[in-house]
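Notes to accompany the following structure.
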Number of protein chains: 2
Amino acid sequence: MNSAEGAQRRKAEEARDRILNVAERLFASRGFAGVSVRDITAEADVNLAAVNYYFGSKAGLLKAVFLRRATALNRERMAELQAVVDAHPSGALPLPAVLRALLGPPVRWQFDPDRGLGVFIQFLARCQMEEEPELRALFYEDVEHLRRFIPALKRALPEMPEDEICWGLHFALGAMHHTFTHLPRLGPISQGRCHIGNRDEVIERMVEFATGGFEAARARITASAR
Amino acid sequence: MNSAEGAQRRKAEEARDRILNVAERLFASRGFAGVSVRDITAEADVNLAAVNYYFGSKAGLLKAVFLRRATALNRERMAELQAVVDAHPSGALPLPAVLRALLGPPVRWQFDPDRGLGVFIQFLARCQMEEEPELRALFYEDVEHLRRFIPALKRALPEMPEDEICWGLHFALGAMHHTFTHLPRLGPISQGRCHIGNRDEVIERMVEFATGGFEAARARITASAR
DNA sequence: CGATGTATGAAACAAAGGTTTGAAAATATG
DNA sequence: CATATTTTCAAACCTTTGTTTCATACATCG
């Protein structure tokens, strides 16, 4: 089994990956309960039993779809955040740079040319609403990494209490997720009025909006403190 | 049939409303596909056939849940927006007031003491992701009313192109919806660090964040125009 | 009261759901 | 090549699903 994993292993991974890719896409657009195992196996062109064979159950497949990419996204965010911290060993961090580390990686994934990572981002937005208990547990663990942004934001906004920072973080993530869930059909509101532009334009637009939101809170706080 | 609609009609409406209330709550937390007609009829304490009797089908029930309150929410938003316009017949509109008309009503509903309206707001957040075609159609119609905010925002931010205003509107709505979907379990990120406070505090927080976001874009535009 | 239209009830239906099974096929190992 | 292991397949199983049916109870009205 050690030498030349061979065509067996390779072909298996092909089937496994086909299932994961299809499931990711279908879960993203219809939710967990809205997709049947038969939907998945039909589109992935594998036997009905394959899902249970590889992942134990439909819920196991959901977890696998999540785990396949979640850590990679976290790592990317964290690396970018660390780069900001390293570039400013002392003193205040530049707020836009911190927010870019938060919002940039998901947007870049969303705009991934071969759409593989982009689907995952929309899958993530769906996961936030799913009730499947095991997935919720994974999600909570995963969301832990976002808390590392709080100390960084504190260094960017020294005057602001943690309380306020959490709200801002919340709003910023909301603006981002909402954009992703509506990007495909952007937009019901704007009816084409809303020029999407390229990847980096979107990132900068989001960073700008979030920065402005934080700065407004900062202004209120410093004003009332004086 | 005209005089004294009587106990028959009254009792019928009781059953109908019980179904609507339970369905609203269950759809809000588990989504359309995640709830069975039996789940609903059991909790509403009515016969299984009642859903088809009153609403034709499960999908019909979904539509009914939506329609029951959607127009009322729109009216509230529109009335508040109109009040802002009336108070400033000419010249620039105050941006925070416009955003308060957008964000205030949903937040007030969310904090509705008897939770009836609050559930609907979370139901709405769910609806954005549902694929049920008839509901999508209703949703698009309904979302039309939000476009009336665009001219108002233009009057609040005369320098900004419509393009930019749509993005801001998008981000603001996202921050709001995200907050609602996470309010119950607020927060996985903040772990209790995030003080919710009362209704009006939340509104002001959101309005402040959104205002800041818009102002940041305005600042960029006026700077580059000069 | 008798007739009519409405609401509820229990049961049944067919379709679709997730999962299991056991044999066949394919691949790796010695 | 022979054996062991992994992967595929078709079929079946049992549960749950949305919907329908038809009989019964009920209130309303002539």
Side-chain angles (χ1 to χ4, degrees), chain A residues 1-24 26-27 29-66 130-135, chain B residues 1-24 26-27 29-66 130-135:
Chain A
M1 199 207 275
N2 56 355
S3 75
E5 37 254 43
Q8 174 191 349
R9 173 65 61 102
R10 178 144 20 94
K11 215 184 155 209
E13 286 188 346
E14 278 171 12
R16 230 186 91 102
D17 276 0
R18 268 204 312 277
I19 295 175
L20 284 170
N21 290 334
V22 170
E24 188 173 54
L26 294 185
F27 286 155
S29 71
R30 296 189 226 157
F32 182 66
V35 180
S36 73
V37 176
R38 284 172 173 84
D39 291 337
I40 298 168
T41 55
E43 280 207 38
D45 202 35
V46 298
N47 187 269
L48 172 58
V51 163
N52 296 278
Y53 176 74
Y54 282 111
F55 306 100
S57 67
K58 188 189 175 189
L61 171 58
L62 180 67
K63 284 172 54 181
V65 170
F66 179 82
E130 295 294 349
E131 280 200 330
E132 190 64 28
E134 298 201 67
L135 180 67
Chain B
M1 200 209 275
N2 58 355
S3 75
E5 37 253 47
Q8 173 191 350
R9 173 65 62 102
R10 180 147 16 97
K11 217 186 150 206
E13 287 190 344
E14 276 171 12
R16 231 186 89 102
D17 276 359
R18 269 205 311 278
I19 294 174
L20 283 170
N21 290 332
V22 170
E24 187 173 55
L26 293 185
F27 286 155
S29 71
R30 296 189 227 157
F32 182 67
V35 180
S36 74
V37 176
R38 283 169 176 85
D39 291 338
I40 297 168
T41 56
E43 279 205 40
D45 203 34
V46 298
N47 187 270
L48 172 58
V51 163
N52 295 278
Y53 177 73
Y54 283 111
F55 306 100
S57 66
K58 188 190 174 188
L61 171 58
L62 179 67
K63 282 172 56 180
V65 169
F66 179 82
E130 295 294 348
E131 281 200 331
E132 190 63 30
E134 297 202 64
L135 179 68

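Model, not experiment: these values are computed from the prediction. All values below come from the heavy atoms of this structure, side chains included, with hydrogens, waters and symmetry mates left out. In the text below, chain A, chain B and the rest are named by the order of the sequence lines, each starting its count at 1.
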*Looking at D/dT7, C/dA7, C/dG18, which one has an atom nearest to any side-chain atom of A/Ser36?*
C/dG18
*If you pin A/Asp45 and B/Val37 to their nearest nucleotides in DNA chain D, which one's is more 5'?*
A/Asp45
*Distance in Å, A/Tyr54 OH paired with A/Leu20 CG, rounded so as to fall on 0.5 Å steps*: 10.5 Å
*Between CD on residue B/Glu24 and CG on residue B/Asp17, distance to nearest 0.5 Å*: 10.5 Å
*Across the strands shown, which category fits B/Ala49 at heavy-atom distances under 4.0 angstrom: base, sugar-phosphate, nothing?*
base
*Separation of D/dT19 C1' from B/Leu61 CG (nearest whole Å)*: 14 Å
*Atom-pair distance (CG on B/Leu26; P on D/dT17), nearest Å*: 12 Å
*asked:* Using only atom types and a distance under 3.5 Å, with no angle test, would you say the side chain of B/Glu130 pairs donor to acceptor with the backbone of B/Phe32?
replied: yes
_Separation of C/dG17 P from B/Asp39 CG (nearest whole Å)_ = 17 Å
_Separation of atom CG in B/Asn52 from atom C1' in C/dA11, rounded to whole Å_ = 15 Å
*With DNA chain C as reference, determine whether B/Leu48 or A/Asn47 sits nearer its 5' end, using the nearest nucleotide of each.*
B/Leu48
*asked:* Rounding to an integer number of Å, can you tell me how far A/Arg16 CZ sits from D/dT8 C1'?
replied: 16 Å
*When you check the phosphate oxygens OP1 and OP2 of D/dT8, does a side-chain N or O of A/Tyr54 lie under 4.0 Å from one of them?*
yes
_Nearest 0.5 angstrom please: A/Phe66 CZ to A/Glu132 CD, how far?_
13.0 Å
*How many Å lie between CD on B/Glu14 and P on C/dT6, as a whole number?*
19 Å
*Using atom CZ of B/Phe27 as one end and atom C1' of D/dG18 as the other, report the distance to the nearest whole Å.*
12 Å
*Between A/Ser57 and B/Arg38, name the one whose nearest nucleotide on DNA chain C is closer to the 5' end.*
B/Arg38
*Which whole-number value in Å describes the distance from B/Tyr53 OH to C/dG9 P?*
13 Å
_Donor-acceptor under 3.5 Å (B/Asp39 side chain, B/Ser36 main chain)_ = yes
